[in-house]
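As structure tokens, the structure follows; a few thoughts come after it.
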Amino acid sequence: MKAELYLDGVDKPVSILDEVRIVEMGTENHPQHSRLRVYYRTRHLNAGKTFVELHRDRKLTLRLDDGRTAQVLLTHNSLDMEGHFVGVLRVLGELR
């Protein structure tokens, strides 16, 4: 599945994610409203001039290609052995 990340008030995506996987944490260590994580992999994390890595403390809007949306925070990002950006987004609230 693919997805796009948006900053509030910006019409164009700041990041286009090539592969995303939604995972629910099943342990009691995570509160019920904070159990979803989105693992992503993409060739280009920044779709424009905005560096997503500098906005870790801002809520981003995630829009999946199946029409669902959620408010997320960038939790982790790194490079894999093939040069792709990989990381984790923490879903705040519900995935609608």
Side-chain angles (χ1 to χ4, degrees):
M1 184 175 346
K2 293 186 177 196
E4 296 175 338
L5 284 174
Y6 293 86
L7 284 171
D8 288 340
V10 180
D11 294 337
K12 292 186 178 184
V14 293
S15 184
I16 299 172
L17 308 175
D18 298 329
E19 299 173 32
V20 294
R21 235 178 354 133
I22 300 169
V23 176
E24 182 175 1
M25 304 296 180
T27 66
E28 296 299 319
N29 295 341
H30 300 89
Q32 185 67 31
H33 65 279
S34 181
R35 288 189 178 179
L36 291 180
R37 302 290 186 269
V38 176
Y39 293 94
Y40 67 85
R41 183 173 190 247
T42 186
R43 176 56 92 179
H44 304 286
L45 184 61
N46 302 308
K49 295 182 180 182
T50 303
F51 289 103
V52 178
E53 300 95 334
L54 300 177
H55 297 279
R56 288 183 182 274
D57 58 341
R58 290 183 61 185
K59 291 180 186 178
L60 300 166
T61 301
L62 176 72
R63 291 187 186 157
L64 300 170
D65 63 355
D66 64 1
R68 295 182 290 173
T69 63
Q71 294 291 315
V72 297
L73 286 177
L74 181 63
T75 304
H76 171 76
N77 68 321
S78 184
L79 287 172
D80 69 3
M81 296 292 285
E82 298 171 354
H84 293 93
F85 289 93
V86 294
V88 179
L89 301 169
R90 183 175 46 167
V91 177
L92 305 172
E94 297 181 18
L95 185 64
R96 298 177 230 129

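- Interatomic distance, Y40 OH to S15 OG, rounded to the nearest 0.5 Å: 7.0 Å.
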- Can you list the steps and then say if V23 with Y39 is a side chain to side chain contact (heavy atoms under 4.5 Å, CB included)? CA-CA 8 Å; V23 176; Y39 293 94; 3.5 Å; yes
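- Here the closest non-hydrogen pair linking L74 and E53 is CD2-CA, 4.0 Å.
- In this structure, CG in L5 is found 5.5 Å from CG in L89, a value given to the nearest 0.5 Å.
- The backbone N or O of G48 sits nowhere less than 3.5 Å from a side-chain atom of N46 that would complete a donor-acceptor pair.
- Contact of the L92 side chain with the K59 side chain is registered, since non-hydrogen atoms from C-beta on lie closer than 4.5 Å.
- Separation of atoms CZ (R90) and CG (L36) is listed at 12.0 Å; rounding is to 0.5 Å.
- For the pair E94 and A70, the tightest heavy-atom approach, listed with the atom from each and the gap, is O-CB, 3.8 Å.
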- Would you sort out whether H55 and T50 count as a side chain to side chain contact (heavy atoms under 4.5 Å, CB included), showing the intermediate values? CA-CA 9 Å; H55 297 279; T50 303; 3.5 Å; yes
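- Annotation: side chain of I22 is in contact with side chain of R68 (closest heavy-atom distance under 4.5 Å).
- A cation-pi arrangement is not found for R43 relative to F85, the charged atom failing to lie both closer than 6.0 Å to the ring centre and inside a 45° cone about the ring normal.
- Across all non-hydrogen atoms, the minimal contact from T75 to R56 is O-NH1, 3.3 Å.
- A salt bridge links R41 with D80: the distance from a Lys NZ or Arg NE/NH1/NH2 to an Asp or Glu carboxylate oxygen falls below 4.0 Å.
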- Task: Please test L95 against T69 for side chain to side chain contact (heavy atoms under 4.5 Å, CB included), starting from the C-alpha separation and ending with a verdict.
- Result: CA-CA 6 Å; L95 185 64; T69 63; over 6 Å; no
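- Side-chain contact check for L17 versus E4: every heavy-atom pair is 4.5 Å or farther apart.
- The hydrophobic cluster containing L7 does not contain F51, counting ILVMFWY residues as joined when their side-chain heavy atoms lie under 4.5 angstrom apart, directly or transitively.
- Taking OG1 from T61 and CG from D8, the interatomic distance works out to 5.0 Å, rounded to the nearest 0.5 Å.
- Side-chain atoms of L62 and V38, non-hydrogen and from C-beta on, do get closer than 4.5 Å to each other.
- Here CE of M1 is found 5.5 Å from CG of L64. Values are rounded to the nearest 0.5 Å.
- L73 and Y6 fall into different hydrophobic clusters, where Ile, Leu, Val, Met, Phe, Trp and Tyr side chains are chained together by heavy-atom contacts under 4.5 Å.
- Not one N or O on the side chain of N77 forms a donor-acceptor pair closer than 3.5 Å with the backbone of G87.
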- Message: I'd like to know whether I16 forms a side chain to side chain contact (heavy atoms under 4.5 Å, CB included) with H44, so could you lay out the CA-CA distance, the side-chain angles of the two residues, the decisive distance to 0.1 Å, and finally the verdict.
- Response: CA-CA 7 Å; I16 299 172; H44 304 286; over 6 Å; no
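- Distance check: R37 CZ to R21 CZ gives 13.5 Å after rounding to the nearest 0.5 Å.
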